[in-house]
Amino acid sequence: MPTAVLTDRERTAVQAYLRLLHTVRAAFDTRPGPAGTPGPPLVPPAVLAEAEAALARAGLTGNEEQFFRMLRDWQPER
């Protein structure tokens with residue numbers, strides 16, 4: 001298995017993407033909680049903006065194929 005060595009900017013982009021992914025999953029977890037019915041899914045705009053800015057700083061805007069390949073190499077089990 002190849003080991004990906006990321007630059008600081010690439011690592012920041014991957015981490016921001018993973019935070020966004022976890023936030024979106026949590027937002028769409030619509031099982032009723034103790035308060036009854038769930039509210040509509042909400043993803044804070046700041047989380048999306050953070051991921052977009054990190055991708056831009058890493059030079060990965062518009063190059064999703066390279067980004068997702070890098071993500072798979074860095075964290076293959078997720």
Side-chain angles (χ1 to χ4, degrees):
M1 172 192 290
T3 301
V5 178
L6 305 179
T7 66
D8 288 341
R9 289 183 176 182
E10 290 171 338
R11 186 177 305 106
T12 298
V14 169
Q15 290 169 338
Y17 169 77
L18 291 174
R19 280 192 292 278
L20 174 62
L21 180 64
H22 294 297
T23 300
V24 168
R25 284 181 177 163
F28 282 95
D29 181 6
T30 57
R31 292 174 289 184
T37 59
L42 176 66
V43 176
V47 176
L48 182 56
E50 175 196 20
E52 289 177 347
L55 287 171
R57 283 191 303 274
L60 295 165
T61 300
N63 197 341
E64 291 81 9
E65 183 179 340
Q66 178 185 352
F67 174 73
F68 286 111
R69 184 174 37 250
M70 181 182 61
L71 182 65
R72 279 190 308 270
D73 289 346
W74 188 62
Q75 211 171 22
E77 299 302 318
R78 300 218 176 201

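Keep in mind the model is a prediction, meaning the values are calculated, not measured.
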Next item on the list: Provide the closest heavy-atom pair for Val47 versus Thr23 in the form atom of the first, atom of the second, distance.
Entry: CG1-OG1, 3.9 Å
Check: Among all residues two or more places apart in sequence or in another chain, which pass the side-chain contact (heavy atoms from CB on, under 4.5 Å) test with Ala54?
Finding: Thr12, Ala13, Ala16, Arg57
Checklist line | Arg9: side-chain hydrogen bond (donor to acceptor under 3.5 Å, both in side chains) partners, not counting sequence neighbours | finding: none
Margin query: Restricting to side-chain contact (heavy atoms from CB on, under 4.5 Å), what partner residues turn up for Glu52, sequence neighbours left out?
Written below: Leu48
Notebook entry, point to check: Which is it for Gln66 and Leu60 under the side-chain contact (heavy atoms from CB on, under 4.5 Å) test, yes or no, and what are the steps along the way?
Noted result: CA-CA 7 Å; Gln66 178 185 352; Leu60 295 165; 3.7 Å; yes
Check: Going by the ring-ring contact (aromatic ring centres under 6.0 Å, His included) test, which pairs reach into residues 42-64, not counting sequence neighbours?
Finding: none
Checklist line | Counterpart residues, salt bridge (charged side-chain N to carboxylate O under 4.0 Å, His left out), relative to Glu10 (two or more places apart) | finding: none
Check: For residues 50-73, which residue pairs qualify under ring-ring contact (aromatic ring centres under 6.0 Å, His included), counting only residues two or more places apart or in two chains?
Finding: Tyr17-Phe67, Tyr17-Phe68
